[in-house]
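Heavy-atom basis, side chains included; hydrogens, waters and symmetry copies ignored. Numbering of ligands and ligand atoms starts at 1, following listing order.
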Amino acid sequence: MGQDMNNDQGQVTTTVIRNCDWIVAWDAATSSHVYLENADFAFAGNEIIHVGPGYPGTAEVEQDGRGVMLMPGFVNIHSHPGHEPGWKGMLEELGSRRLGQSSLYEFMPVFNIGPKYARHACRVAISELLRSGVTTICDLAAPREDWVGDYEPTGIRAVLWAMHRSGAWRTRNGHSVEYDLDTERGDRLMLEAIKVADDASKHPSGLISGYFGPAQIDTCTEGQIMGALEAARERGQPIQIHAAQSIVEFQEIVRRTGCTPIEWLEKIGALGPDTVIGHCIFLNDHPWLHWPQGNDFQRLVESGAQVAHCPVVFARRGIALNTLARYVDAGIPVGIGTDSFPHNMLDELRMACYAGRIVAGSFTAAPTSYAFSAATHVGADIIRRPDLGRLAVGCKADFSIVDMGNPYMQPDYDPIRSIVYSANDRAIRDVYVDGRQVVANGQLLHFDIGNDIEMLRQGQRDVIKTAAERDWAGRQIEELTPRVYAIKKS
Ligand SMILES: [Zn+2]
């Protein structure tokens, strides 16, 4: 428990926010969020003790809730903050023309800013996340030195999701992908990831948990996937694995096994409620695959496996899930992650709604409630934290205060629609994690990213200088990713 939640006598501090215009509250009877008007919200220490009209008790801290909306903190179940921020300006419209439009194989290895800048990238990402109302982040990455230390000062709640694999992919010609796999090393890295995760979970703040998982379906052996799954089950945790994330990977798994990625996961025993599938877009019935022979969707539904949906990064390359409503209506738990920059969950929510509707050609294919639930209580359940993602008595005090006075929020017939479709993070005024305020008036309270931005700029300059050395065709940066307009030399 943070010290600023206690008063001088060491007792737990109680805070009440009275007469909130709106509260997005949890209704246990319907297992759904509901709107409350003119209601009170109180928390003691890190725990919510009242959500509803007329808080009867006293409190050391009294706030006026008129002119604000309280909503649960977002749970971001899939992101890579240790490198993604370094790619700003370079990857927004970059894909491989001959590798299914993905950027994974030809460009990711070229643009990587490297571990030297991971902490700075991470802090920049966290600053964006907190200010867009994210209170829990899942950071999927290969373990790095003092990973926990990147998080300590920030105040965000974090799942450090230690990824392991047998090796990386590469292309030497821009049209075929090779894998440098060392399975013995991969087996060792699996054990290391489990150890790193277990150690992270011991952090005394109570804000950090360690999970682990096989990084990608095409870079891990069956033994590594099942080994991780069994170890995760012993700990009551899920694994997360990238799968069905590109056409190249779909074809690669078919080439190796004769199965689609979903069929293969089922065949080895890895498709089930303890598995979170990162992206899970390319099921055999995705209309852009033309692969009618299969039953991936039904297998997924019956297995109880869960999906981490990251719509923005795929929309950049013309790729989308088919569709959010189809998955959710069939009972597949779908959470939302930012994956890339901007680290802004409200952007993801809006894109989830628009992309689903465009893919289906139907305005009903991605309702706002599905996206908002995915980003809150469904995501929380996926990471086995039913005390997060909802404003209910007994849950953790992880929430945002939205300024209803922001012009983008008005008129306010439906305040969630106002923030998702109009106001975005501009209206998020204050954010609390575990009962402790981390953002006030849109500003970070516990850390500063000025130096991190400088380092990130340096990291990007390094990439620009050396990109040609890593590119299969030896291209300079301007050729790899031309600017929107050329710089005119005087
Ligand atoms: Zn990812």
Side-chain angles (χ1 to χ4, degrees), residues 74-88 91-92 94-96 99-109 111-113 118 121-122 125-126 128-129 134 136-144 147 158-165 168-169 177 193 197 211-220 225 228 238-250 252-253 261 265 275-282 305-317 319-321 334-345 347-348 351-352 355 374-375 379 382-383:
F74 293 128
V75 177
N76 175 0
I77 67 161
H78 186 115
S79 64
H80 311 289
H83 62 252
E84 293 281 344
W87 294 343
K88 195 174 286 177
L91 254 73
E92 288 89 337
L94 188 62
S96 290
L99 290 169
Q101 305 206 93
S102 176
S103 65
L104 291 171
Y105 311 100
E106 189 174 9
F107 300 116
M108 245 179 65
F111 286 87
N112 217 335
I113 60 168
C122 194
I126 293 167
E128 291 180 14
L129 289 172
V134 173
T136 301
I137 177 180
C138 296
D139 177 349
L140 281 63
R144 58 177 181 265
W147 196 5
V159 174
L160 306 190
W161 216 314
M163 296 271 117
H164 56 87
R165 62 182 185 178
W169 50 55
V177 176
Y211 290 14
F212 49 87
Q216 299 101 4
I217 188 172
D218 47 342
T219 58
C220 295
I225 295 171
I239 58 164
Q240 186 162 176
I241 180 170
H242 292 83
Q245 65 167 335
S246 77
I247 288 176
V248 167
E249 174 230 283
F250 182 95
E252 175 66 17
I253 299 299
L265 286 176
T275 298
V276 184
I277 303 177
H279 311 317
C280 203
I281 293 170
F282 290 107
Q306 306 157 99
V307 171
H309 178 36
C310 306
V312 168
V313 72
F314 285 95
R316 284 176 184 161
R317 300 179 177 88
I319 296 167
L321 191 79
V334 179
I336 288 188
T338 53
D339 198 277
S340 181
F341 63 87
H343 288 85
N344 182 334
M345 282 289 272
D347 266 11
E348 299 292 337
M351 184 56 78
I382 287 173
I383 60 165

Suppose we only allow N, O or S atoms; which atom of H80 ends up nearest to the Zn ion (ligand 1)?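 Nearest N/O/S atom: NE2.
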
Nearest N/O/S atom of D339 with respect to the Zn ion (ligand 1), by atom name, please.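 Checking each N, O and S atom of D339, the shortest distance to the Zn ion (ligand 1) belongs to OD2.
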
Could you tell me whether the side chains of S103 and R316 share a donor-acceptor contact shorter than 3.5 Å? no

Is there a donor-acceptor contact under 3.5 Å linking the side chains of T338 and E348?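 No donor-acceptor contact under 3.5 Å links the two side chains.
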
If you take the centroid of each ring, where Trp contributes its six-membered ring, are F111 and W87 closer together than 6.0 Å?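 W87 vs F111: aromatic centres not under 6.0 Å.
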
Exactly one of W147, Y211, F212 should register a ring-ring contact (aromatic ring centres under 6.0 Å, His included) with W161. Which one does?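 One option only clears the test, and that one is Y211.
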
For the Zn ion (ligand 1), decide whether H242 has an N, O or S atom at a distance under 2.8 Å. yes

